[in-house]
Asker: 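Take this structure first; my questions come after.
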Amino acid sequence: MGELRVRDVSEKELLARILRVLGPASRAEIGPGDDAAVLAVAGGRIVATTDTLVHGPDFRLAWTSPYDLGYKSAAVNIADVAAMGARPTALLVALALPDWLPATFVEALATGFRDALAELAPGCAVEGGDLAVSETLTVAVTALGVLDGVEPVRRSGARPGDEIAVAGELGAAARGLRILFDRFRDAAGTPVPIDRDVLAPAEQHDLDAQLRPRPPIELGVLAARAGATALMDVSDGLLLDASRIADASRVTLSIDVDLDDDALSGGEDHALLACFPAGSTPTGFEVIGHVRVRGDAAVLVQGAVPSARGGWDPYADWDSALG
């Protein structure tokens with residue numbers, strides 16, 4: 001008969017496949033299975049965010065396994081919760097699936113979600129979602145978190161004299177993406193499966209940073225408790241995201257260390273960019289500059305205005321002709 005496809009099974013069966021993987025991880029008062037989950041919330045405030053990964057601009061099945069897609073979908077969403085200084089507690093996942101996908105795809109995807117949460121945010125679980133059919137594979141995630149008694153850290157609190165610091169790696173995801181486009185496309189530009197055997201260890205590291213990012217989730221809460229004045233997830237490149245803190249806080253962020261173009265402009269690192277009062281930057285963060293009174297530029301790099309905008313804008317930069 002051959003392998004079952006999404007079109008061969010019912011929504012109920014697909015959901016059952018997912019819940020067999022995810023169900024035991026639930027921490028909710030009422031978890032998956034009803035119209036909505038019921039979550040116990042400490043402190044009475046919930047941090048909520050949502051992000052969507054779409055086949056084409058965000059990932060390619062030729063390069064991304066369903067496990068890696070689930071892992072990355074979880075990681076990038078809980079990184080936004082951590083970037084508020086909150087602790088991730090629950091995800092709601094909506095899947096729009098082409099009907100030709102193998103039915104086992106959802107199990108591998110769910111396993112990626114489960115393992116990412118177990119590794120990066122223990123105690124957080126997928127608590128519900130939705131299933132739909134679409135020609136374009138889409139994973140839409142809503143992430144929820146709690147503040148555990150601390151105030152949320154926004155982008156708008158940086159002050160002159162603060163230290164600028166980063167937790168996590170910068171530039172590796174951009175190098176990994178370049179490996180995919182340079183090494184794993186055919187003559188027509190169509191993505192082809194990855195052959196890891198042809199990659200050096202450093203290249204495999206960069207590829208993993210792109211396909212299966214591991215943001216420093218626990219350091220978001222640490223930053224909040226250490227008195228961070230501003231905090232955000234570096235998803236679109238350091239220069240672009242630093243300019244967002246600068247504009248929101250009406251200051252200039254001066255990056256004083258020597259960073260290459262991948263670190264400055266590459267996206268999808270999901271490091272944490274923070275500002276702290278001078279001398280209070282906690283362990284796990286590396287100081288890379290300082291906050292100045294607002295000048296003509298939002299961001300300076302070693303005293304100079306960057307020549308490039310830097311970073312990723314999906315509306316300006318997505319090109320379907322690239323494969």
Side-chain angles (χ1 to χ4, degrees), residues 3-23 25-26 28 31-37 48-81 88 90-117 124-144 177 180 190-191 193 210-213 235-236 267-268 270 312-315 317-323:
E3 186 176 28
L4 286 175
R5 305 287 171 176
V6 167
R7 61 172 169 257
D8 300 323
V9 298
S10 67
E11 179 183 22
K12 180 179 180 180
E13 184 174 341
L14 275 180
L15 185 59
R17 287 171 176 259
I18 293 171
L19 293 182
R20 278 198 294 270
V21 176
L22 294 176
S26 176
D34 277 88
D35 289 327
T49 185
T50 189
D51 197 12
T52 303
L53 282 79
V54 180
H55 187 266
D58 297 312
F59 65 92
R60 315 290 173 87
L61 283 177
W63 294 335
T64 304
S65 70
Y67 178 90
D68 284 350
L69 179 58
Y71 196 105
K72 184 172 184 175
S73 298
V76 302
N77 276 276
I78 60 176
D80 283 335
V81 172
L91 300 184
L92 305 174
V93 180
L95 303 177
L97 303 168
D99 64 3
W100 51 262
L101 281 175
T104 54
F105 182 96
V106 297
E107 293 168 305
L109 183 79
T111 303
F113 269 98
R114 182 195 66 194
D115 290 356
L117 296 177
C124 182
V126 175
E127 299 293 3
D130 188 36
L131 293 171
V133 177
S134 171
E135 293 182 0
T136 303
L137 174 60
T138 303
V139 183
V141 181
T142 297
L144 305 174
L177 186 63
L180 292 173
T190 302
Q210 168 59 224
L211 297 177
R212 198 184 299 178
S235 56
D236 295 327
E268 297 188 283
H270 301 289
W312 166 258
D313 181 336
Y315 295 98
D317 299 329
W318 161 241
D319 183 355
S320 62
L322 290 179

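Computed from a predicted model, the values in this text were never measured in an experiment. Heavy atoms only: backbone and side chains are in, while hydrogens, waters and symmetry mates are out.
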Asker: Can you measure from CZ (Phe105) to CG (Leu61) and round to the nearest 0.5 angstrom?
Answerer: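 Taking CZ in Phe105 and CG in Leu61, the distance rounds to 5.5 Å.
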Asker: What's the shortest heavy-atom distance between Ala74 and Ala116, and which atoms?
Answerer: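 In terms of heavy atoms, the two residues are closest at CB-CB, 3.8 Å.
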Asker: Please report the shortest heavy-atom distance between Ala143 and Leu91, naming the atom on each side.
Answerer: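 Looking at all heavy atoms of both residues, the shortest contact is CB-CD2, 3.4 Å.
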Asker: Does the pair Val106 and Leu101 meet the rule for a side chain to side chain contact (heavy atoms under 4.5 Å, CB included), with working shown?
Answerer: CA-CA 9 Å; Val106 297; Leu101 281 175; over 6 Å; no
Asker: Search all heavy atoms of Val6 against all heavy atoms of Pro98 and return the closest pair with its distance.
Answerer: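 Answer, listing the atom of Val6 first, then Pro98: CB-O, 3.7 Å.
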Asker: Just by distance, do the side chain of Thr138 and the backbone of Thr136 share a donor-acceptor pair under 3.5 Å?
Answerer: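 Yes; judged by distance alone, with no hydrogens or angles, the pair exists.
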Asker: Measure the acute angle between the ring planes of Tyr71 and Tyr67, then classify it against the limits of 30° and 60° as parallel, tilted or perpendicular.
Answerer: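 Rings of Tyr71 and Tyr67: tilted, as their planes differ by 30° to 60°.
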Asker: Mind listing the closest non-hydrogen atom pair of Pro213 and Ala75 along with its distance?
Answerer: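 In terms of heavy atoms, the two residues are closest at O-CB, 3.5 Å.
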Asker: Before giving the answer on side chain to side chain contact (heavy atoms under 4.5 Å, CB included), spell out for Glu3 and Asp8 the whole-Å C-alpha distance, their side-chain angles and the decisive distance to 0.1 Å.
Answerer: CA-CA 9 Å; Glu3 186 176 28; Asp8 300 323; over 6 Å; no
Asker: Specify the closest pair of heavy atoms between Val9 and Ala103, including all atoms of both residues, with the distance to one decimal.
Answerer: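 Closest approach of Val9 to Ala103: CG2-CB, 4.3 Å.
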Asker: Report yes if some heavy atom in the side chain of Arg5 is under 4.5 Å from a heavy atom in the side chain of Pro102; otherwise report no.
Answerer: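 They are in side-chain contact.
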Asker: Just how far is it from atom CD of Glu107 to atom CG of Leu19, taken to the nearest 0.5 Å?
Answerer: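 With rounding to 0.5 Å, CD (Glu107) is 11.0 Å from CG (Leu19).
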Asker: Just by distance, do the side chain of Asn77 and the backbone of Asp51 share a donor-acceptor pair under 3.5 Å?
Answerer: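 Side chain of Asn77 to backbone of Asp51: a pair is present.
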Asker: If you measure from CG on Leu109 to OG on Ser65, what distance do you get to the nearest 0.5 Å?
Answerer: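 If I round to the nearest 0.5 Å, the distance is 9.5 Å.
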Asker: List the residues meeting salt bridge (charged side-chain N to carboxylate O under 4.0 Å, His left out) with Asp68, not counting sequence neighbours, and say none if there are none.
Answerer: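 Residues passing salt bridge (charged side-chain N to carboxylate O under 4.0 Å, His left out) with Asp68: Arg212.
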Asker: Side chain to side chain contact (heavy atoms under 4.5 Å, CB included) between Val139 and Phe113: does it pass, once the steps are laid out?
Answerer: CA-CA 11 Å; Val139 183; Phe113 269 98; 4.0 Å; yes
Asker: So how far is it from Glu135 CD to His55 NE2, rounded to the nearest 0.5 Å?
Answerer: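 Taking CD in Glu135 and NE2 in His55, the distance rounds to 13.0 Å.
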Asker: Given 3.5 Å as the limit, does a donor-acceptor pair link the side chain of Lys72 with the main chain of Gly112, or not?
Answerer: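 Not a single qualifying donor-acceptor pair exists.
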Asker: Could you walk me through whether Val93 and Ile18 satisfy the side chain to side chain contact (heavy atoms under 4.5 Å, CB included) test, starting with their C-alpha distance in whole Å, then the side-chain angles of each, then the deciding distance to 0.1 Å, before giving a yes or no?
Answerer: CA-CA 11 Å; Val93 180; Ile18 293 171; over 6 Å; no
Asker: Minimum heavy-atom separation for Leu211 to Trp63, with atom names?
Answerer: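 Distance-wise, the nearest heavy atoms are CD1-O, 3.6 Å.
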Asker: I need the single residue from Val141, Thr64, Asp58, Leu137 that forms a side chain to side chain contact (heavy atoms under 4.5 Å, CB included) with Leu53. Which is it?
Answerer: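 So the option named by the test is Asp58.
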Asker: Heavy atoms, side chains only, cut-off 4.5 Å: are Arg114 and Val126 in contact?
Answerer: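 No, every pair of side-chain atoms sits at 4.5 Å or beyond.
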Asker: Check side chain to side chain contact (heavy atoms under 4.5 Å, CB included) between Thr142 and all other residues, then give those that pass, not counting sequence neighbours.
Answerer: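 Counting only residues at least two positions away or on another chain, Thr142 forms a side chain to side chain contact (heavy atoms under 4.5 Å, CB included) with Thr50, Leu92, Leu144.
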